[in-house]
Amino acid sequence: MKLPILIHPDPRLKKVAAPVADISDELRTLADNMLETMYDAPGIGLAAPQIAVGKRLIVLDCVKKEGEEPRPLVMFNPEVVASSEECNVYEEGCLSIPEQYAEVERPAEVSVRWIDRDGNEQQEDFDGLWATCVQHEIDHLDGKLFIDYLKPLKRQLITRKMVKLKREMARA
Ligand code: GNR
Ligand code: NI
């Protein structure tokens, strides 16, 4: 089932999400619906607060090349346990901030620990687009958006555009 994605500004996107206690079938279904919503958008990641669920759950798949095997990842309670000194700059976008893109600098490599859909603890190192995306998604769980890294003026400009977009969407 496809779920509606919240558009910034929305107070639900600014809240710190709550850790998940144990992995139920209900949570697995939610994760599957998030993956469906993400692929449909299309996007390379999605965090539960974006669909108005205040839980520490993210999904991602940064395999974007045609013909390559997809790699859907479901992460409950994901945590960055180590980050590289070296940084990367990526042009980021967000499904909650449609059609707005800006360069954001983040650690180039991160080690992430999480609980998978079977309730097992996992840890893996990510680099490239995967590293950027997983950090962007974990930020959502802490109520943080990529525009929070921009200069206030640029952030305000984008926020105003989104207010206008939401007004137009409500009228349509
Ligand atoms: O689809 C998405 N693309 C993207 C591109 C660069 C950096 C981060 C992202 S994540 C984004 C989907 C999204 O909003 N996830 O929260
Ligand atoms: Ni996002």
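Remember, it's 1-based here, ligands and their atoms both numbered in the order they're listed. The first residue in the sequence is number 1, and the count goes up from there. Only heavy atoms go into these numbers, but all of them, side chains included; no hydrogens, no water, no symmetry mates.
Nearest to atom 9 (C) of ligand 1 by heavy atom, out of G93, A47, C62, is G93. When the heavy atoms of E137, E92, E91, Q50 are ranked by distance to atom 10 (S) of ligand 1, first place goes to E137.
At a 3.5 angstrom cut-off on N or O pairs, L129 does not count as close to ligand 1.
Figure legend: cation-pi geometry between R56 and W114 absent, as NZ or CZ is not positioned both under 6.0 Å from the six-membered ring centre and within 45° of its axis. Geometric assessment of K55 against the ring of F76 yields a negative cation-pi assignment under the 6.0 Å and 45° thresholds.
Under the 4.0 Å criterion applied to side-chain N and carboxylate O atoms, R71 and D61 are not assigned as salt-bridge partners.
Of all protein heavy atoms, the one lying nearest to atom 13 (C) of ligand 1 is G45 O, 3.5 Å. At the shortest separation from atom 8 (C) of ligand 1 among protein heavy atoms lies H136 ND1, 3.6 Å. Looking only at heavy atoms of the protein, atom 14 (O) of ligand 1 is closest to L95 N, 2.8 Å. The protein atom (non-hydrogen) at minimum distance from atom 1 (O) of ligand 1 is I44 N, 3.0 Å.
Of the residues R106, Q135, E103, the one that meets the side chain to side chain contact (heavy atoms under 4.5 Å, CB included) test with F146 is R106.
Put simply, the angle at the Ni ion (ligand 2) from NE2 in H136 to NE2 in H140 is close to 100°, to the nearest 10°.
Put simply, the side chain of I44 does not reach to within 4.5 Å of the side chain of W130, judged on heavy atoms.
Shortest non-hydrogen contact noted between T132 and Y90 is OG1-CD1, 3.0 Å.
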